[in-house]
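Everything below concerns the one structure shown next.
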Amino acid sequence: MGQAGRSEVRTRLRVFGRPTLVGMPLRFDYVIVGAGFAGSVLAERLSSQRGKTCLIVERRNHIGGNAYDSHDPAGVLLHRYGPHYFRTNSDRIVEYLGQFTDWHPVEYKILSWTEGRFWQFPINLNTYEQLVGHPATTEEMETALAKWRVPIAQPQNSEEVIVSQVGTVLYEKFFKQYTRKQWRRDPKDLDASVCGRIPVRTNRDDRYLSEKFQALPRYGYTRMFERMLAHPKIKILLQADYREVLPHVEYGHLIYTGPIDEYFDCCFGPLPYRSLRFESETLAQEYFQPVMQVNYPNDHEFTRIVEIKHATGQKLPVTTIVREYPQDYTAGREPYYPIPAADAQALYRRYAERAASEKGVSFVGRLATYRYYNMDQIVGMALAEFEKLPG
């Protein structure tokens, strides 16, 4: 291990941008690749509960992963990698994260814009009334859906899972083209879980999500991560490639939360992902749209406009909206979504088999396990992994 290499790593080590002591030892119990939910939860648990030293290596210039938020020049707090609507049914996870943040309760509301008007979404009794043009009851809606449904006993893909619930008219109005834009695949070529996670209700519950706990960190995700990672046994190296760092540090165990195919140099070929592009616009008005998110299933190249101020509760005379454009994943873009399709899963299983035989390395998180998870699921995964780790 060269002295020059050690010196360079020492001088670049940061805790939220502040240089550490130059003489800090370069021996850690754990090196953790990635400062998102998975890596941060594990670093916090290992340091606070077991007294372990952790070095987090993050290629971006900030902590928090895709949940990172910050204020734009107008003072609007933005979710920089798309909206992150925290929700969970787990009291344990709320209690754990509650150590690092107070909560701002939110009922996430969205609408869908198509055929020149706003529609209630997810589909509920209000949506049905808009469709039929008169006041209705739950019983009437249930009777109509029973007539419209395509009888499919065991839906195998995202098209089948929706038409088996609401029929083809509502499927084509709200789901078909939106899914094609988002994934660049036909819904019948995607796993049933993609569209199946969107609720269909026959009452007037118009919440986007159904979990019993729905809230945002009161002062933002970044503030929560800062508190989570404030333990003196945690050190953070930002804007760094872990491959360049590992030769210059000694460590006992590696925790990897990045793309699993990249860890193995894409030896079986690259896994497919979808990426996103965000276009923000600040407007001199308090609000632009009636709710925090409006979907555009059939109009425009973007899939949705998000005005997160509705959810954060900020009171400002201006607002910032963000248009979200799905795009292909290529070098230099962020791998946001693993593709939930049979061919992608077959390729992933080859990497998973190799990962299972990798000694001294734990693969944790969305990218490392090639599966889309909600935030609470990632926290739960990390807490479970903590119990398995040596020491």
Side-chain angles (χ1 to χ4, degrees), residues 1 5-6 9 12-13 25-60 63-66 225 228-229 231 233-273 334-335 338 344-373 375 377-391:
M1 185 182 303
R6 284 180 177 272
V9 173
R12 289 195 60 209
L13 282 169
L26 292 179
R27 172 68 174 85
F28 297 92
D29 296 310
Y30 289 87
V31 171
I32 300 173
V33 180
F37 268 106
S40 297
V41 169
L42 280 162
E44 188 282 322
R45 290 287 85 185
L46 289 164
S47 60
S48 70
Q49 302 303 303
R50 295 185 184 173
K52 300 298 184 181
T53 54
C54 298
L55 171 64
I56 298 178
V57 183
E58 169 58 56
R59 64 179 176 82
R60 294 170 173 167
I63 60 174
N66 286 356
F225 277 98
M228 190 182 299
L229 298 176
H231 197 283
K233 288 186 177 292
I234 299 174
K235 306 303 178 189
I236 302 170
L237 183 59
L238 300 177
Q239 293 180 285
D241 184 334
Y242 80 98
R243 294 179 186 271
E244 297 176 359
V245 173
L246 291 186
H248 305 294
V249 297
E250 298 174 8
Y251 61 95
H253 192 84
L254 179 70
I255 297 172
Y256 182 79
T257 72
I260 189 171
D261 54 338
E262 290 185 10
Y263 180 88
F264 293 108
D265 296 317
C266 297
C267 63
F268 302 122
L271 284 165
Y273 299 89
E334 294 291 340
Q345 285 302 308
L347 179 56
Y348 163 68
R349 284 193 291 271
R350 301 181 68 185
Y351 284 109
E353 289 173 4
R354 186 164 177 184
S357 63
E358 193 81 353
K359 303 299 183 183
V361 183
S362 298
F363 294 85
V364 189
R366 173 176 54 91
L367 297 176
T369 59
Y370 196 70
R371 182 175 176 181
Y372 183 81
Y373 290 100
M375 290 175 284
Q377 295 172 313
I378 296 294
V379 174
M381 179 192 298
L383 293 174
E385 185 67 26
F386 165 68
E387 301 293 341
K388 303 175 187 176
L389 289 172

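Distance check: Ile56 CD1 to Ile63 CD1 gives 8.0 Å after rounding to the nearest 0.5 Å. Between atom CG of residue Leu347 and atom CZ of residue Arg350 there is a gap of 7.0 Å, rounded to the nearest 0.5 Å. Going from atom CG of Asp29 over to atom CG of Leu389 covers 11.5 Å, rounded to the nearest 0.5 Å. Lys52 NZ to His231 NE2: the interatomic distance, rounded to the nearest 0.5 Å, is 12.5 Å. Between the OH atom in Tyr30 and the CG atom in Leu55 there is a gap of 14.0 Å [rounded to 0.5 Å]. Separating the CE atom in Met228 from the CZ atom in Arg45 is a distance of 9.5 Å, to the nearest 0.5 Å.
Checked options Glu262, Glu244, Glu334; the residue passing with Arg59 is Glu334 (criterion: salt bridge (Lys or Arg N to Asp or Glu O under 4.0 Å)).
The closest donor-acceptor contact from the side chain of Arg243 to the backbone of Tyr263 lies under 3.5 Å. No side-chain donor-acceptor contact under 3.5 Å links Thr53 to the backbone of Lys233. Within the 3.5 Å criterion, the main-chain N or O of Arg354 finds a donor-acceptor partner in the side chain of Ser357.
Between Pro272 and Ala344, the shortest heavy-atom distance links the atoms CG-CB, 3.7 Å. Here the closest non-hydrogen pair linking Ala382 and Val364 is CA-CG1, 4.4 Å. The minimum heavy-atom distance between Phe386 and Arg50, with the atom names listed, is O-NH2, 2.9 Å. The shortest non-hydrogen separation linking Leu229 to Ser40 is CD1-OG, 3.6 Å. A pairwise comparison of heavy atoms in Tyr373 and Ile378 identifies CB-CD1, 3.5 Å as the closest pair. When every heavy atom of Tyr251 is checked against every heavy atom of Leu254, the shortest pair comes out as CE1-CB, 3.9 Å.
For the 3.5 Å distance criterion, the side chains of Tyr256 and Glu358 fail to qualify, holding no donor opposite an acceptor.
Ring geometry for Phe264 against Phe363 counts as parallel: the plane angle stays under 30°, on a 0 to 90° scale with 60° as the upper cut.
Counting only heavy atoms from C-beta outward, the side chains of Ile255 and Leu46 approach each other to under 4.5 Å. Between Tyr370 and Asp261 there is no side-chain heavy-atom pair separated by less than 4.5 Å. Cys266 has its side chain within reach of Tyr351: a pair of non-hydrogen atoms, C-beta onward, lies under 4.5 Å apart. Side-chain contact between Glu385 and Met381 is absent, with no heavy atoms from C-beta onward closer than 4.5 Å.
Geometrically, Arg371 does not engage Tyr348 in a cation-pi contact, judged by NZ or CZ lying under 6.0 Å from the ring centre and within 45° of the ring axis.
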